[in-house]
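Working notes, beginning with the structure itself.
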Amino acid sequence: MTNKDELFMRKAIDLAKQARKEGNEPFGAILVKDDEIVMVGENKINTFCDPTHHAEIGLIRRYCSENNIFDLREYTLYTSCEPCVMCSGAMVWANLGRLVFSVTHDQLAEIAGSNIMISCSEVFEKSPNIPLVVEKILNEEGISVFEGYTF
């Protein structure tokens, strides 16, 4: 973990708060290359009436499409919560280099109830491309976004 990890995570958490204010699920993500933010994303499942528009996968789709690439091995994705199995799979297919998150699935399940709680590590360990994972950065701040939240 670095101080930059905390700086970028704070921005991801702020995006999660913004998503919740806009009537979406409270999840935010930031894509970084060479210590520069290259794309931000937030959950927009209600805005777009698209159950797959999670913060991470929406960000990956948009960035890769706009930049005509699908190899993110030189990038770090910061996300306010451990990515779901769908978003983790997208990270594998995009060859993501590094993943940093705040709240774990287990913590989210305690707050909001269970859902499909397959850890990103479980997805990654069975995959050809395994990003470096750093977890629980600014954990208390990340958890605060979910106060009163349920699935």
Any side-chain heavy-atom pair of Glu141 and Ser102 under 4.5 Å: no
- request: To the nearest 0.5 Å, tell me how far Cys84 SG sits from Ile57 CD1.
  value: 7.0 Å
task: Go through Leu72 and Asn95 one step at a time and tell me if the side chain to side chain contact (heavy atoms under 4.5 Å, CB included) criterion holds.
output: CA-CA 5 Å; Leu72 301 180; Asn95 300 309; 5.7 Å; no
- request: Drop me the distance from Leu96's CG to Cys87's SG, to the nearest 0.5 angstrom.
  value: 11.5 Å
task: Only one of Glu135, Glu56, Glu82, Glu125 passes side-chain contact (heavy atoms from CB on, under 4.5 Å) with Cys120; say which it is.
output: Glu82
- request: For residues Ile69 and Tyr63, report the shortest heavy-atom separation together with the two atoms involved.
  value: CD1-CE2, 3.7 Å
- request: Determine yes or no for a side-chain-to-main-chain donor-acceptor pair under 3.5 angstrom, with Ser127 supplying the side chain and Val92 the backbone.
  value: no
message: Within a 6.0 Å radius of atom CZ on Phe48, are there more than 12 heavy atoms belonging to other residues, nucleotides or ligands?
response: yes
message: Strictly distance-based, threshold 3.5 Å: is any side-chain N or O of Asn129 a donor or acceptor partner for the main-chain N or O of Pro131?
response: no
task: For atom CD of Glu22, decide whether the heavy atoms of other residues, nucleotides or ligands shown that lie under 6.0 angstrom number more than 12.
output: yes
- prompt: Is a salt bridge present between Arg20 and Glu25, judged by a nitrogen-to-oxygen distance below 4.0 Å?
  reply: no
message: As a quick check of understanding, evaluate salt bridge (Lys or Arg N to Asp or Glu O under 4.0 Å) for Arg98 and Asp5, giving each step before the final call.
response: CA-CA 11 Å; Arg98 186 166 178 259; Asp5 285 343; 2.7 Å; yes
message: Out of the candidates Val133, Val134, Asn139, only one should pair with Phe101 under the side-chain contact (heavy atoms from CB on, under 4.5 Å) rule; please name it.
response: Val133
- prompt: If we only count heavy atoms from C-beta on, is the Ile60 to Leu77 side-chain gap below 4.5 Å?
  reply: yes
- line: In terms of heavy-atom contacts, Ser80 and Ala16 come closest through OG-CB, 3.6 Å
message: If I compare all heavy atoms of Leu15 with all of Gly41, which pair ends up nearest, and what's the gap?
response: CD1-O, 3.7 Å
query: What class does the angle between the rings of Phe8 and Tyr78 fall in, given that below 30° is parallel, 30 to 60° is tilted and above 60° is perpendicular?
result: tilted
- request: Take Phe146 and Gln107, measure what side chain to side chain contact (heavy atoms under 4.5 Å, CB included) needs, and give me the verdict at the end.
  value: CA-CA 10 Å; Phe146 293 100; Gln107 291 174 313; over 6 Å; no
field: Passing candidate, side-chain contact (heavy atoms from CB on, under 4.5 Å) with Ile143, options Ile13, Val103, Leu108
entry: Val103
Polar side-chain atom of Thr76 near backbone of Leu99 as donor-acceptor pair, under 3.5 Å: no
Minimum heavy-atom distance His54-Pro51, with the two atoms named: NE2-O, 3.3 Å
- request: With salt bridge (Lys or Arg N to Asp or Glu O under 4.0 Å) as the test, would you mind laying out the steps for Asp50 and Lys44 before giving the verdict?
  value: CA-CA 8 Å; Asp50 177 356; Lys44 296 235 181 232; over 6 Å; no
